[in-house]
Asker: 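Below are the structure tokens for one structure; questions will follow.
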Amino acid sequence: MTALAALIRRDIRIALRIGGGALIGVLFFLTVVVLMPFAVGPDLALLTRLGPAILWLGALLASLLTLDRLFTADHEDGSLDLIVMSRTPLELACAAKALAHWLAAGLPLVIATPVLGLLLNLDATATGAVALTLLAGTPALTFIGMIGAALAVTMSRGGLLLAVLVLPLSIPVLIFGVAASQAAIVGPLPFGAPFSILCALSLVSFVIGPFAAATSLRNGLD
């Protein structure tokens, strides 16, 4: 557990440095949300209806933007080989790296949501609902993306492969995240059903993701 805690602290410190990737994701999220009102126009009612979808889409793309650094930096400096050969199970190490990535890059998106919701004409209840669904759903995006990052780490054009692999797998998370947000804001569907499915997707990805990523890393580095 001490080794895993040290790995989490190390990855968070690297991600929070300039160029580490965490700040890039937040700035991209901010850019998407700021530009959308200009594209939609002055119709505030339409902007309110599209607000949850815009926030979720921005969070998905911002998360995808930072996933390529999950294993690439460690592979370039040789740290990944040491992690694979260490006595700590590789599955736990992958889970620790994904958790550190979410804390550094995913959680700031959730924290920024209430402020950015004001730009989309969302009230406090609506932004709170979207932030809650992002809190439940963004771990799924991270652990699903970890599988693609592990597959792409040893390839020369891994970034393109990462997008091709992760985006289709992330669509259910996007669908139920937006559905839960819309249910909490306007109804008529109950909030509990899509939110429960969203939480289930995060739990399933938390269980499957580390094992799939560890298998990909072992096969790719052999």
Side-chain angles (χ1 to χ4, degrees), residues 11-40 47 50-73 97-120 122 126-153 158-182 198 201-202 205-206 209 213:
D11 280 15
I12 291 177
R13 285 198 301 267
I14 293 175
L16 294 179
R17 291 175 183 171
I18 297 177
L23 182 60
I24 296 175
V26 176
L27 291 177
F28 182 82
F29 187 40
L30 174 63
T31 302
V32 171
V33 175
V34 168
L35 291 179
M36 278 299 174
F38 294 100
V40 172
L47 194 62
L50 295 178
I54 293 171
L55 289 171
W56 257 99
L57 187 59
L60 171 61
L61 296 177
S63 176
L64 182 63
L65 187 67
T66 58
L67 280 173
D68 64 329
R69 302 297 298 172
L70 190 57
F71 294 112
T72 303
K97 288 183 69 64
L99 177 61
H101 180 273
W102 181 79
L103 290 173
L107 189 58
L109 303 181
V110 180
I111 296 174
T113 298
V115 177
L116 298 180
L118 299 176
L119 301 175
L120 301 174
L122 297 177
T127 54
V130 177
L132 181 61
T133 58
L134 286 174
L135 182 63
T138 47
L141 299 178
T142 298
F143 280 93
I144 291 173
M146 176 177 60
I147 302 174
L151 288 171
V153 67
L160 178 61
L161 177 63
L162 177 62
V164 171
L165 290 175
V166 172
L167 278 178
L169 296 176
S170 301
I171 289 177
V173 181
L174 178 66
I175 291 174
F176 288 106
V178 175
S181 302
Q182 294 286 7
L198 184 64
L201 290 173
S202 290
S205 65
F206 177 76

Asker: Going from CD on Q182 to CG on L50, what distance comes out if it is rounded to the nearest 0.5 angstrom?
Answerer: 8.5 Å

Asker: Within this structure, what is the CG-CG distance for the pair L135 and L109, rounded to the nearest 0.5 Å?
Answerer: 11.5 Å

Asker: Within the distance-only criterion (no hydrogens, no angle test), does the side chain of S202 pair as donor or acceptor with the backbone N or O of A136 below 3.5 angstrom?
Answerer: yes

Asker: How far does CG of L61 sit from CH2 of W56, to the nearest 0.5 angstrom?
Answerer: 12.0 Å

Asker: How about L55 and F29: do any of their side-chain heavy atoms sit closer than 4.5 Å?
Answerer: yes

Asker: Only counting residues at least two apart or in another chain, list the ones meeting side-chain hydrogen bond (donor to acceptor under 3.5 Å, both in side chains) with T138.
Answerer: W102

Asker: Can you list every side-chain hydrogen bond (donor to acceptor under 3.5 Å, both in side chains) pair that touches residues 105-116, not counting sequence neighbours?
Answerer: none

Asker: Can you sort out the partners of L30 under side-chain contact (heavy atoms from CB on, under 4.5 Å), two or more places apart, ordered by chain and number?
Answerer: V34, L116

Asker: Are any of the side-chain heavy atoms of L60 and L141 separated by less than 4.5 Å?
Answerer: yes

Asker: Could you report the tightest heavy-atom contact between A98 and M146, atom names first, then the distance?
Answerer: CB-SD, 3.6 Å

Asker: Donor-acceptor pairs are to be reported for all side-chain atoms of residues 162-178 against protein atoms at under 3.5 Å, with residues two or more places apart or in another chain.
Answerer:
residue	atom	partner	partner atom	Å
S170	OG	V166	O	2.9

Asker: Specify the closest pair of heavy atoms between V26 and P108, including all atoms of both residues, with the distance to one decimal.
Answerer: CG2-CB, 3.7 Å

Asker: Quick check: closest heavy atoms across T66 and A105, and the distance to 0.1 Å?
Answerer: OG1-CB, 4.0 Å

Asker: Between CG of D11 and CG of L99, what distance do you get to the nearest 0.5 Å?
Answerer: 10.0 Å

Asker: Output all residues satisfying side-chain contact (heavy atoms from CB on, under 4.5 Å) with T127, sequence neighbours left out; order by chain, then residue number.
Answerer: L122

Asker: Please list, chain by chain and in numerical order, all residues satisfying side-chain hydrogen bond (donor to acceptor under 3.5 Å, both in side chains) with S181, sequence neighbours excluded.
Answerer: T133

Asker: Apply side-chain contact (heavy atoms from CB on, under 4.5 Å) to L67 and H101, showing your working.
Answerer: CA-CA 8 Å; L67 280 173; H101 180 273; 3.7 Å; yes

